[in-house]
Visitor: 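Sharing a structure below in structure tokens format, with a few things to ask.
First listed ligand is number 1; within each ligand, the first listed atom is number 1. The residues of the chain are indexed from 1 along the displayed sequence.
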Amino acid sequence: MLIPTICPFCGVGCGLLLDVEGGKVVRVIPEKDHIVSKGKICGKGATAHKTLYLPGRLTRPLKRVGDSFVEVGWNEALNEIVERIKEVKEKYGGKAIAIYGGCQNSLEEVYLMSKLIRFLGSNNVDSCARICHEPSATALKEVVGIGASGTSVEEIPNAKVLVIAGEQITESHPVLTEYLIEAKKHGTKIIVIDPRFTKTAKLADLYIPVNQGTDVYLYNAVGNYLIKRGLYDEEFVKVRTKGFEEYAKTVSRYTLEEAERITGVPKELIIKFAEMITIKPTIFSWGLGLSEGGGINAIRAFLNLMLLTGNVGIKGAGPIVYRGQSNVQGSGDLLKPWILPNGPLNEENAKKLGELWGFEIPLEKGLTVTDALLTENDIRAVILVNYNVAHSLPNKSKVIKRLKEMDLVVVLDSYMTDTAKLAHYVLPVAMWAESEGSVVSLDRLVKWRFKAVEPPGEAKQALWVLAELAERLGLKVPKDPKVIFEEMKKVVKLYSSLKLEDVMDHSKNSRYPNGEIVLYEDKFYTSDGFAHFIPVEYRPVNRKGLVLITGRIVTKYNTDTLTTYMNDEEDIVYLNAEDMKSMGIKEGQEVILKSECGEVTVKAKSDPGLKKGYAFMINSSDLVNYVVCDILDPETRIPYYKSTEVVILSR
Ligand code: SF4
């Protein structure tokens, strides 16, 4: 029996067919009819069924007793959790409760999380998008109106130029490498901007070795160059945008000479980059290097160039955000502490939502997950849904301490993660192939995951767990994902045009809004219909030590819970060979990697792709977030994962 589903790993959202024998998924076959992946999958997708059968699957609810866990029944666990939530609410109010997570969950589960937290009287809800592309979604929303990719990956071969900033496609979104190769055959020129010369950079026609954290200077200087020489798209800027004068005034102070000094990119390369992006159509795409490296301002500066060159709203152009999880786009759409699922957090939207949901919606802004776990605040009870915060947030020691201080930590997960180990209750939930519901790809394609097999033991679908908790707390909600899907469409305007039958048919285009593949051809989705330049200034950073940047490798996925069956890479810090020589460090030598937040012992190896002054670790490492510090973007509260100052000490 072959059951169609969507790959549980990256945001490309490739279609898979699960071959089921005797109640077990025995192999994965690429789904030829899938509208985007068209029968292509990478090594991770091809072995995805192994994630279901790793040692240590959780099969019964667990309750903490002292330093260990005891197995309990569902009734006991849920009733006790509900009592403890009620106690916290009575003592400290609804705003002492939070629900975070959702990027591995379906839209329907995420929607329930969003509803349940408001029922409890709080807006403390957030998704894992907070630590990856929330700045991208926020910047896109203010610049063009929708916080998602404005075109599809299918458009990559139609671009004459593809700009890739801070993204290793070959490691993070492997199937897209085939799109790059196809694009190159069509003559597409590829520009890669990255402080590290990656495998993706090897595919580039132009490589821009920008110094970490200096993107804003680079993009502003390019903007200034194009304006001064009249190389920008004046007609597009005049007819379809607002804010150009202020932008032009801001960037007028950014010179090529200073850009070369600050960014480390030779002036000639900057000019070449500037002139290449005036070609139409050009796609502006980016990954975590931009969002976790420079926060929202780096993305605004990048998008300003897209507007300046008129490269949006036409085939083969526009913005693409390389999102890293199968439903990070969807959970980011629905789970925000400052925005309601039906629009901005204000009295009017709260009233409308309250009428639909049948209870009063709180108006006070909630806390992001990073604020909740990395700053002083009043949260006392937290429900974490498939979210391993003790591994993935920076300053790991601080996060662990904060979780230990909580009155109640409830974790819904399938394996005993670092976070689950700190919980008061661990609730075993079904994984991607054991449940059904919809997920959103990195290019807004909403597709259904069909249930292929039963979860092990007493594990339940997260939807059931959330619905049971809601019901026992006094909120009756449907447990059928199809019913929730229809309810969600009434609340979330962007999703209103989705048709369940198209979402369930993987060969059909079921993108939101309105099935549009290329957005903004006629109008932008901003309140006035124009695209908006958002001028930003470069803020210099003074660094004394090495800069630690983090990133993915193809055989690991996020916190590595699901990829332990792949390459068991040691914890390694990669360094520039000359730096190693000057520090007297030998290849493979154990060293202490130290930052203001902590220190770890790792092996040192050289990486020919690293510039002098940089260190690199994979973000799946157990150790890396002891060292990465919790410096948060002032606006979007994303941690700057890619700019920790470190020193290396010999052991
Ligand atoms: S590219 Fe991403 S979605 Fe596609 S098979 Fe690989 S990991 Fe899965």
Side-chain angles (χ1 to χ4, degrees), residues 2-19 25 27-52 54 103-107 128 132-133 148-149 152-154 156-157 164 167-183 198-200 203 285 287-288 320-331 431-433 437-450 452 506-507 510-511 551-567 618-620:
L2 294 178
I3 307 291
T5 191
I6 298 300
C7 177
F9 292 115
C10 85
V12 180
C14 297
L16 312 178
L17 294 174
L18 302 180
D19 191 359
V25 182
R27 78 189 160 125
V28 171
I29 300 167
E31 189 183 22
K32 286 203 176 65
D33 293 338
H34 188 277
I35 184 170
V36 169
S37 56
K38 299 181 176 83
K40 298 183 204 95
I41 52 173
C42 73
K44 273 200 285 251
T47 54
H49 59 301
K50 294 193 180 181
T51 63
L52 306 168
L54 299 172
C103 296
Q104 284 292 315
N105 298 88
S106 67
L107 272 182
C128 336
C132 58
H133 275 302
S149 295
S152 162
V153 294
E154 291 173 272
I156 289 175
I164 304 170
E167 159 72 16
Q168 300 183 69
I169 285 181
T170 46
E171 307 288 318
S172 311
H173 301 85
V175 154
L176 296 187
T177 309
E178 303 211 20
Y179 277 98
L180 297 196
I181 291 165
E182 193 189 331
T198 60
K199 284 184 196 148
T200 306
L203 295 169
S285 67
L288 299 183
I320 293 181
V321 194
Y322 299 110
R323 309 210 60 157
Q325 296 202 58
S326 52
N327 195 32
V328 63
Q329 178 64 52
S331 53
M431 291 179 68
W432 55 282
S438 56
V439 291
V440 187
S441 75
L442 68 83
D443 53 2
R444 296 172 282 108
L445 187 71
V446 185
K447 284 287 161 235
W448 198 259
R449 278 182 183 153
F450 292 88
H506 290 186
S507 69
S510 47
R511 286 186 177 82
R552 291 187 168 111
I553 57 167
V554 72
T555 50
K556 293 283 168 201
Y557 177 70
N558 292 358
T559 59
D560 198 27
T561 308
L562 302 184
T563 40
T564 47
Y565 66 93
M566 291 196 169
N567 158 26
I618 61 168
N619 60 1
S620 303

Visitor: If you measure from the Lys or Arg side-chain nitrogens to the Asp or Glu carboxylate oxygens, is any gap between E171 and K44 under 4.0 Å?
Guide: no
Visitor: So, at under 2.8 Å, which protein N, O or S atoms would a careful student list around atom 4 (Fe) of ligand 1?
Guide: C14 SG
Visitor: Classify the ring geometry of F450 against H506: parallel below 30°, tilted from 30° to 60°, perpendicular beyond 60°.
Guide: tilted
Visitor: Do T51 and W432 meet the criterion of a side-chain donor-acceptor pair at a distance under 3.5 Å?
Guide: yes
Visitor: Evaluate the side-chain proximity of Y179 to V36: yes if any heavy-atom separation is below 4.5 Å, no if none is.
Guide: yes
Visitor: Salt bridge check, K40 against E31: does any charged N sit closer than 4.0 Å to a carboxylate O?
Guide: no
Visitor: Spell out, as yes or no, whether a donor-acceptor pair under 3.5 Å connects the side chain of H34 to the backbone of S37.
Guide: yes
